[in-house]
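First listed ligand is number 1; within each ligand, the first listed atom is number 1.
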Amino acid sequence: MFHVSKLPFIMQSFRKLSHVLLQYSFDNDLLTPEQRLFYEENGFILIKNLVSDKDIESFRKEFERICRREVEVPGLVVMRDLAIAKSEFVADQKAVSKLQDFQEDPELFQYCTLPQILKYVECFTGPNIMAMHTMLINKPPDAGKKTSRHPMHQDLHYFPFRPADRIVCSWTAMEKVNRQNGCLVVLPGTHTGTLQEHDYPEWEGGVNKMYHGVRGYDPKHPRVHLEMEKGDTVFFHPLLIHGSGMNQTQGFRKAISCHYASADCYYIDVKGTTQENIEKEVQDIAAKKYALDDNITFKDTWAFRGRLVQGERISL
Ligand SMILES: CC(C)CC(=O)SCCNC(=O)CCNC(=O)[C@H](O)C(C)(C)COP(=O)(O)OP(=O)(O)OC[C@H]1O[C@@H](n2cnc3c(N)ncnc32)[C@H](O)[C@@H]1OP(=O)(O)O
Ligand SMILES: Nc1ncnc2c1ncn2[C@@H]1O[C@H](COP(=O)(O)OP(=O)(O)OP(=O)(O)O)[C@@H](O)[C@H]1O
Ligand SMILES: O=C(O)CCC(=O)C(=O)O
Ligand SMILES: [Fe+2]
Ligand SMILES: [Mg+2]
């Protein structure tokens, strides 16, 4: 018979067991057992209303200043949608589809250090945390060629560091996102698989630079559209297959995100793996951007951009 005096023993056994059975998250006081199990099984977890309107307003303002070129940010990559980059019209601020690598912009980088975000991140990375990759995505109204889509992919394809289970993305909606404006689409449970081969999808209207898609995923796998309100944040595993649909509205769908990794993750050599194709593209772009010879390594491009946000810097 169960007796309350046995409760501490039962709890302790559960904790021990959970270390064996739950490989994707850590035991702490933040996630409920149900939330942990959800992440373990699905590879993502959505937390409502995590980032304040005030913070989002300040990211939006800074984004606009960058578009107007009132501030210059070292290392920042300003992307334009393919449909606009290849058009004859002079691009104005509305042409910016994505900012990458805003680690040197104090206003935007504030996002990566928000304590309420880091508390969740720690459940997946542990206490020593590096912000490895930053983005502000401004998905434009589709110009008619479906170039606003992001093909289904696994973010780990871009990362030469491991282990995958100690990496997590936080992605915060800066406004209401839904099917109409191209919310995230995820294939729940795919984080338990392996890294798949990625390449450019054969889309008629073309595809944006470096938007590789996963080859041959099961089109019948259940899809979940993550409709979110402003401030809602999803945390997801780097093997989770995800993408985003076309923006069929006239507004620019904004989201801000950061990929975090445990500071004791280690770099790997991707030679001879499916990641060789992205390594080559990244090195070609980096060589141009930093006006260097082609001796900048894939690993360097990451070590150089990564920033410690909690604990101590170890091997990344
Ligand atoms: C987990 C995470 C990492 C997952 C992801 O983020 S997946 C997406 C990752 N994407 C990236 O990292 C994209 C990086 N993009 C860039 O570095 C830049 O936007 C560049 C593609 C190098 C272009 O930048 P920049 O050289 O300043 O732009 P320019 O206007 O001078 O154009 C130079 C040539 O590039 C072309 N271009 C610009 N934007 C795109 C585009 N979106 N897709 C395809 N081609 C593009 C542009 O047309 C021009 O081509 P040519 O006229 O020389 O043929
Ligand atoms: N031909 C394709 N190959 C690979 N991925 C695709 C293809 N077409 C769409 N996708 C991806 O599938 C996801 C959903 O795209 P899409 O907008 O077509 O459908 P949806 O949003 O589920 O449906 P709806 O637009 O009817 O609401 C996106 O990640 C998109 O990039
Ligand atoms: O905001 C989006 O459309 C998703 C972007 C994404 O998955 C990525 O850049 O890796
Ligand atoms: Fe992604
Ligand atoms: Mg759609």
- Task: Would you mind running through ligand 3 and noting each atom that sits below 4.0 Å from a heavy atom of L184?
- Result: 2 (C), 4 (C)

- Query: Counting both backbone and side chain atoms, is some N or O of S244 under 3.5 Å from an N or O of ligand 3?
  - Reply: yes

- Query: Judged by non-hydrogen atoms, does Y211 sit under 4.0 Å from ligand 3?
  - Reply: no

- Query: Does one side chain, of T194 or Q196, offer a donor that lies under 3.5 Å from an acceptor on the other?
  - Reply: yes

- Check each heavy atom of M210 against ligand 3 and say whether those closer than 4.0 Å belong to the side chain, the backbone, both or neither. neither

- Query: Of all the atoms in ligand 3, which lie at a distance below 4.0 Å from a heavy atom belonging to M135?
  - Reply: 8 (C), 9 (O), 10 (O)

- Taking it one step at a time, do H237 and F44 satisfy ring pair (Phe, Tyr, Trp, His ring centres under 6.0 Å)? CA-CA 6 Å; H237 189 283; F44 68 95; over 10 Å; no

- Query: Sub-3.5 Å donor-acceptor pair from the side chain of D142 to the main-chain atoms of S148, do we have one?
  - Reply: yes

- Item | Where the Fe ion (ligand 4) is the vertex, angle from H153 NE2 to D155 OD1 to 10° | 80°

- Message: Is it true that T172 and T233 share a donor-acceptor pair across their side chains at a distance under 3.5 Å?
- Response: yes

- Relative to atom 6 (C) of ligand 3, which among H259, H150, H157, K98 owns the nearest non-hydrogen atom? H150

- If you compare H212, H242, R253 by their heavy atoms, the one closest to atom 2 (C) of ligand 3 turns out to be R253

- T134 and Y111: side chain donor to acceptor below 3.5 Å: no

- Message: Tell me whether the count of non-hydrogen atoms from other residues, nucleotides or ligands lying under 6.0 Å of CD in E72 goes above 12.
- Response: no

